[in-house]
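Notes to accompany the following structure.
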2 protein chains.
Amino acid sequence: MRRHYITIKDIARELAISVSTVSRALRDAYDVNPKTREKVLAKAMELNYKPNFNAIGLVQSQSHHIGVLMPAITNYYFSTVFTGIEQVANANGYNLIVFITNDSAEREQAILQDLSLSSLDGLLVSVSSQADSYAHFEELIRNGIPVVFFDRVADAVLTSKVMQDDYHGAYEATQHLIDQGYRRIAHLAGPAGLTFTQKRRKGYEDALTDSGLPVRSDWVIHSGFSQECGFEDVARLWTLAEKPDALFAVNDRKAIGAMLALKERKVQIGKEVGVIGFTNDPMSQIISPTLTTVAEPAFEIGKLSCELLLKHMTRKKVEAQEVILPAKLIIRESTRR
Amino acid sequence: MRRHYITIKDIARELAISVSTVSRALRDAYDVNPKTREKVLAKAMELNYKPNFNAIGLVQSQSHHIGVLMPAITNYYFSTVFTGIEQVANANGYNLIVFITNDSAEREQAILQDLSLSSLDGLLVSVSSQADSYAHFEELIRNGIPVVFFDRVADAVLTSKVMQDDYHGAYEATQHLIDQGYRRIAHLAGPAGLTFTQKRRKGYEDALTDSGLPVRSDWVIHSGFSQECGFEDVARLWTLAEKPDALFAVNDRKAIGAMLALKERKVQIGKEVGVIGFTNDPMSQIISPTLTTVAEPAFEIGKLSCELLLKHMTRKKVEAQEVILPAKLIIRESTRR
DNA sequence: TAAAGTAGCGAGAACGTTACCGAAAACCAC
DNA sequence: GTGGTTTTCGGTAACGTTCTCGCTACTTTA
């Protein structure tokens with residue numbers, strides 16, 4: 001079970017110098033003769049020395065690990081955010097430890113419960129949609145482990161957050177539908193508890209109100225994020241006496257589910273019923289008609305979250321900030337009459 | 001920078017017992033009075049004690065971390081495999097450290113070069129398509145860190161591998177096209193260096209040969225995995241004097257790129273030209289006509305890879321095995337005449 | 001030439017935990 | 001009671017590294 005690798009002791013012994021000197025030579029050049037430094041480096045290379053991060057972490061009480069806690073990774077948005085995170089983390093010499101909650105609050109709690117404080121220097125989080133308590137995050141922060149939220153943020157926790165402009169994105173999307181002449185606009189919303197669900201709903205409602213259109217609660221359906229949810233939401237809407245003539249979905253997967261339901265009902269998408277999504281998932285360009293959507297800067301959000309976290313980790317005191325990146329309306333066929 | 005947390009010393013002091021006893025009480029019950037064990041556990045709970053994994057890792061020379069090295073995570077296949085890995089790793093108390101190579105051989109080398117032997121107990125790998133040297137993997141294994149390959153395996157390295165049945169999947173796909181009456185079947189292949197590219201090509205060629213059809217090298221195009229590659233491959237094929245009447249793509253993204261190119265040329269997919277992919281990416285059900293494909297058991301591959309790795313990690317000597325999971329043909333509209 | 005400064009290095013403790021071994025205490029059988 | 005087990009516990013070294021301090025030897029300054 002136990003393995004033995006090359007350590008600085010081995011280098012010290014072979015070079016007949018002390019471990020202290022080897023340690024210094026390998027890190028910074030101060031207090032060490034350039035010549036001995038050369039020798040140490042050469043010997044380290046020769047023996048293929050690799051530092052033991054457990055030992056370093058122990059003595060410095062840090063791990064060089066950043067945790068990433070997300071509901072899932074099997075979708076365009078999260079996997080793209082993650083790629084952004086990875087790029088920054090890697091460039092700064094940090095490793096990423098990934099935790100997937102499957103959108104379950106219990107799982108999220110369990111992960112945070114098990115989480116040893118010593119194993120992480122910082123944590124990036126997108127909360128599960130059922131999460132009800134954020135005490136664990138606050139405890140983490142209290143213990144000196146910075147937490148940065150992205151996308152699905154916990155409003156109550158005082159720390160930095162990175163997200164897209166959900167409100168204005170939703171407003172623009174709804175406005176676009178209105179501009180295209182749609183008047184009976186329904187909203188396929190996300191789980192009610194999430195902040196961004198609320199923001200997108202607010203943007204939708206304000207756009208309607210600003211154009212003098214009524215906000216009808218029976219045209220707003222809260223459900224999950226999956227394609228199936230979108231499909232079922234349409235089924236429910238189509239039982240109503242007065243059916244909508246446009247759908248604004250909280251994300252592309254739901255919009256696509258809705259489109260499939262509409263196709264099944266032989267409804268002409270765009271012409272009869274406009275559909276608009278949110279995310280700019282590659283699927284939105286594949287489906288036909290192509291889906292109008294609000295593009296989220298997923299990669300940028302990942303990069304920025306990680307950069308912010310690094311700031312919190314390295315600097316003494318960085319005050320919490322909320323970064324809101326612009327979302328961009330992309331007009332395609334599904335809202336073209 | 002330095003943080004101090006609750007340690008077993010604190011527990012020992014408060015209970016006026018030794019650290020050895022606390023340590024034993026916290027782990028297994030042997031050699032410790034059930035009563036004192038109770039007290040220790042209660043006190044640990046009270047103080048919210050969390051073990052320091054750096055210290056444990058140092059003394060046991062292990063990290064409880066498993067590395068996952070992949071070309072990307074922003075696609076259906078890899079993110080699903082990863083989810084399978086995550087499930088098994090988590091259930092066994094291991095954390096996952098993710099490395100993304102972006103399909104670059106240099107990046108892969110750099111990651112492996114930096115990789116401290118002490119920071120990983122095992123490694124799961126899907127090699128980059130440009131990888132030319134597998135020396136690093138062999139060194140890892142020599143140093144007692146088990147490596148298991150999945151999907152994109154390194155044939156030369158003697159260790160366990162998990163993959164789908166590329167050969168038979170490709171054979172079946174091609175056979176299906178033949179059965180449907182297509183006769184001039186082209187293959188949009190992957191990067192030539194990868195093992196599974198070769199296997200799928202072989203399956204394609206054998207199916208043709210077995211049906212007495214000629215294998216035409218100008219109908220086999222090797223390029224990348226992206227949608228754009230599929231698009232461009234069709235552009236090239238359509239400059240030929242004799243055009244194919246069916247396309248077998250190495251994956252769904254390429255198949256979809258090809259379909260878009262065909263649509264642009266007003267070619268009726270299915271009726272005029274059959275298209276078949278590989279993966280069963282959700283996109284294949286979204287595009288119209290829906291795409292016939294060969295489903296890969298991505299989640300299962302992830303689970304199995306991790307389970308195999310755990311076996312290698314815990315048991316003294318487990319001999320390397322190659323696991324090949326069945327791939328399943330899923331017939332949809334794109335091959336229906 | 002003596003005092004003062006500086007560059008380079010080493011000794012030893014510390015980080016939090018486990019592993020090993022020995023000792024004390026409790027129990028048991030006769 | 002006595003001797004021998006068994007149970008329970010504590011002391012100490014070790015894991016690989018950094019960090020602090022102090023020492024030596026050389027260089028500079030007056």
Side-chain angles (χ1 to χ4, degrees), chain A residues 1-41 43-44 47-64 93 116-121 143-144, chain B residues 1-41 43-44 47-64 93 116-121 143-144:
Chain A
M1 198 66 235
R2 284 178 75 129
R3 305 178 288 252
H4 177 76
Y5 305 122
I6 304 294
T7 72
I8 59 170
K9 286 183 185 175
D10 298 320
I11 300 178
R13 187 169 13 83
E14 293 221 6
L15 258 40
I17 57 177
S18 76
V19 283
S20 321
T21 308
V22 177
S23 174
R24 260 166 304 171
L26 288 173
R27 280 171 301 131
D28 25 35
Y30 91 105
D31 254 25
V32 50
N33 191 317
K35 275 186 143 180
T36 49
R37 181 159 184 272
E38 282 304 312
K39 280 200 292 183
V40 170
L41 258 40
K43 183 59 79 176
L47 298 179
N48 194 22
Y49 164 78
K50 300 285 173 65
N52 185 314
F53 288 127
N54 279 323
I56 297 175
L58 180 58
V59 69
Q60 295 185 336
S61 74
Q62 53 168 305
S63 63
H64 266 88
S116 166
L117 297 173
S118 61
S119 60
L120 250 42
D121 292 347
N143 278 299
Chain B
M1 199 63 237
R2 282 177 77 128
R3 308 179 284 253
H4 178 76
Y5 306 121
I6 303 296
T7 71
I8 58 171
K9 286 184 186 174
D10 299 320
I11 299 178
R13 188 169 12 82
E14 293 221 7
L15 257 40
I17 56 176
S18 77
V19 282
S20 321
T21 308
V22 177
S23 173
R24 260 167 303 168
L26 251 25
R27 278 171 300 133
D28 24 36
Y30 93 104
D31 254 26
V32 50
N33 192 316
K35 274 186 145 180
T36 50
R37 182 162 183 269
E38 282 306 311
K39 281 199 293 184
V40 170
L41 257 41
K43 183 59 80 176
L47 299 179
N48 194 22
Y49 165 77
K50 300 284 173 67
N52 185 314
F53 288 127
N54 280 323
I56 298 175
L58 180 58
V59 70
Q60 295 185 336
S61 73
Q62 53 168 304
S63 63
H64 267 87
S116 167
L117 297 174
S118 60
S119 60
L120 249 42
D121 292 346
N143 278 298

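Chain letters run A, B, ... following the sequence lines, proteins first, then strands; residues in each count from 1.
- A straight line from CG of A:Asn33 to C1' of D:dT27 spans 14 Å, rounded to a whole angstrom.
- A:Ser20 has no side-chain polar atom (N or O) that falls below the 4.0 Å cut-off from OP1 or OP2 of D:dC19.
- Using a 4.5 Å heavy-atom threshold, the side chains of A:Val22 and A:Leu15 count as separate.
- The nucleotide whose nearest atom lies closest to any side-chain atom of A:Ser18 is, among C:dT17, C:dG16, C:dG10, C:dG10.
- Regarding B:Gln62, its CD atom lies at a distance of 15 Å from the C1' atom of C:dG16, rounded to whole Å.
- C:dG10 atom C1' lies 15 Å from atom NZ of A:Lys9, rounded to whole Å.
- Across the helix from C:dT1-D:dA30 to C:dC30-D:dG1, the helix axis at one end is tilted relative to the axis at the other end by 40° (nearest 10 degrees, each axis from five pairs).
- Ranked by how close their nearest DNA chain D nucleotide is to the 5' end, A:Asp31 and A:Ile8 are led by A:Ile8.
- Ranking C:dG10, C:dA19, D:dT8 by closeness to the A:Ile17 side chain, first place goes to C:dG10.
- In this model, no side-chain donor or acceptor of B:Ser23 finds a partner on the base of C:dA19 within 3.5 Å.
- For the pair B:Ile56 CD1 and C:dT17 C1', the computed distance is 6 Å after rounding to whole Å.
- Between A:Glu14 and the options A:Lys39, A:Lys9, A:Lys43, a salt bridge (Lys or Arg N to Asp or Glu O under 4.0 Å) holds for only A:Lys43.
- The shortest non-hydrogen separation linking B:Gln62 to A:Asn54 is O-ND2, 3.6 Å.
- Taking atom CD1 of residue B:Ile11 and atom P of nucleotide C:dG16, one finds them 13 Å apart after rounding to whole Å.
- Atom pair A:Leu47:CG and D:dG16:C1' shows a separation of 16 Å (rounding to whole Å applied).
- Between A:Ser63 and A:Ser118, the closest heavy-atom pair is CB-O, 3.6 Å.
- Scanning all heavy atoms of the two residues, the minimum distance from B:Ile8 to B:Ser23 falls at CD1-CB, 4.2 Å.
- Taking atom NE2 of residue B:His64 and atom C1' of nucleotide C:dT17, one finds them 14 Å apart after rounding to whole Å.
- Straight-line distance from the CG atom of B:Asn52 to the P atom of C:dT18: 10 Å, rounded to whole Å.
- Applying the salt bridge (charged side-chain N to carboxylate O under 4.0 Å, His left out) test to residues at least two apart or on different chains, none of the pairs has a partner in residues 50-61 of chain B.
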Item to check | Criterion side-chain hydrogen bond (donor to acceptor under 3.5 Å, both in side chains) on B:Arg24 and B:Ser20, from CA distance to verdict | outcome: CA-CA 6 Å; B:Arg24 260 167 303 168; B:Ser20 321; 4.6 Å; no

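- Residue A:Tyr5 has no polar side-chain atom (N or O) positioned under 4.0 Å from OP1 or OP2 of D:dT17.
- For D:dG10, one of the phosphate oxygens OP1 or OP2 lies less than 4.0 angstrom from a side-chain nitrogen or oxygen of B:Thr21.
- Counting non-hydrogen atoms under 4.0 angstrom, B:Phe53 reaches nothing in the nucleic acid.
- Residue A:Leu58 places its side chain closer to C:dG16 than to any other of D:dT18, D:dG10, C:dG16.
- Checked by distance alone, A:Arg24 brings a side-chain donor or acceptor within 3.5 Å of a matching partner on the base of C:dG10.
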